[in-house]
Amino acid sequence: MNSGTETPRHRTTEPHKTIKKCFLLTTITKQTKKSLTKFLKTTSTMLMPKRNRVAIYEYLFKEGVMVAKKDYHAPKHPELETIPNLQVIKALQSLKSRGYVKEQFAWRHFYWYLTNEGIEYLRTYLHLPAEIVPASLKRQMRLETARPRGAAAVRSETSKPSEDRAGYRRAPGGAGGPDKKADVGAGTADVEFRGGFGRGRPQ
């Protein structure tokens with residue numbers, strides 16, 4: 001019998017969803033919580049101030065290379081004492097992913113070297129003139145300019161023996177004297193007989 005009033009409908013509960021949520025919560029172990037906390041801490045640290053990024057780029061462009069120990073918890077980098085070591089590593093790894101640096105790893109240390117593309121990128125980022133180049137590139141240019149002079153010195157040293165031999169073949173009279181090499185042979189020198197020794201010696 002309809003009295004004109006509707007009875008409120010009760011929402012049916014779904015027990016399987018509740019059980020599933022409880023199961024998911026209980027499967028989160030302490031190790032998972034620790035890993036999640038470490039991940040959140042790392043991602044929040046990567047939001048580095050711009051001044052730190054600029055300082056890292058300035059040092060990298062100045063030297064052309066950078067070294068960092070694989071220590072994500074070090075409070076500072078040895079060359080940049082106001083910047084955490086982790087920020088230096090992540091900044092350089094970001095440059096590596098874009099091909100601006102080459103990376104090597106040995107004895108728990110990262111080594112980064114600027115590429116030509118990285119030099120142009122940092123020069124544009126830091127608003128530097130074209131005549132300013134990294135120190136590593138200056139050393140390379142000095143070595144390349146020193147090599148031709150060394151080769152010329154070697155050539156001059158190798159030419160000395162031939163000159164000495166040519167001077168030896170000349171007579172003491174100077175350049176117009178006879179050539180010793182040409183005067184060698186039978187009949188080219190004056191024959192002089194001297195007294196013998198022993199029985200052939202004149203009495």
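Quick note: numbers below take in every heavy atom, side chains included, and nothing from hydrogens, waters or symmetry partners.
- Residues meeting the side chain to side chain contact (heavy atoms under 4.5 Å, CB included) test with Pro75, sequence neighbours left out: none.
- The two residues Val88 and Ile56 come nearest to each other via the heavy atoms CA-CD1, 3.8 Å.
- A search for salt bridge (charged side-chain N to carboxylate O under 4.0 Å, His left out) contacts involving Glu120 returns Arg123, not counting sequence neighbours.
- Taking OH of Tyr100 as the reference point, atom CG of Leu114 lies at 11.5 Å (rounded to 0.5 Å).
- The salt bridge (charged side-chain N to carboxylate O under 4.0 Å, His left out) contacts involving residues 78-88 comprise nothing, where partners must be two or more places apart or lie in separate chains.
- Interatomic distance, Leu95 CG to Tyr57 OH, rounded to the nearest 0.5 Å: 4.0 Å.
- For Lys96, the side chain to side chain contact (heavy atoms under 4.5 Å, CB included) partners at least two apart in sequence or on another chain are Val101, Glu103.
- Rounded to the nearest 0.5 Å, atoms CZ (Arg53) and CD (Gln87) are 8.5 Å apart.
- Taken together through direct or relayed side-chain contacts under 4.5 Å among Ile, Leu, Val, Met, Phe, Trp and Tyr, Tyr59 and Phe61 form part of one hydrophobic cluster.
- Note that CD1 of Ile83 is 4.5 Å distant from CG of Asn52, once rounded to the nearest 0.5 Å.
- Grouping the Ile, Leu, Val, Met, Phe, Trp and Tyr side chains by contacts below 4.5 angstrom, directly or via other members, places Leu80 with Trp112.
- Taking all atoms of both residues into account, the shortest heavy-atom contact from Glu63 to Pro134 is C-CB, 4.4 Å.
- With sequence neighbours left out, Lys70 forms a side chain to side chain contact (heavy atoms under 4.5 Å, CB included) with Tyr72, Phe105, Phe110.
- Taking every heavy atom of both residues into account, Ile89 and Lys69 meet most closely at CD1-O, 3.5 Å.
- Asp71 is linked by a side-chain hydrogen bond (donor to acceptor under 3.5 Å, both in side chains) to nothing, counting only residues two or more places apart in sequence or in another chain.
- No donor-acceptor pair under 3.5 Å is formed between the side chain of His73 and the backbone N or O of Leu86.
- Here Gln104 pairs with Tyr111, Tyr113 under the side chain to side chain contact (heavy atoms under 4.5 Å, CB included) rule; sequence neighbours left out.
- For the atom pair Leu128 CG and Glu58 CD, the distance stands at 8.0 Å (nearest 0.5 Å).
- Linking Ile, Leu, Val, Met, Phe, Trp and Tyr residues whenever their side-chain heavy atoms come within less than 4.5 Å leaves Leu137 and Val67 in two separate clusters.
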**OP:** Take Val133 and Ile119, measure what side-chain contact (heavy atoms from CB on, under 4.5 Å) needs, and give me the verdict at the end.
**Re:** CA-CA 8 Å; Val133 295; Ile119 293 174; over 6 Å; no

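- Both Leu126 and Tyr121 sit in one connected hydrophobic cluster of ILVMFWY residues. Membership requires side-chain heavy atoms under 4.5 Å apart, directly or through other members.
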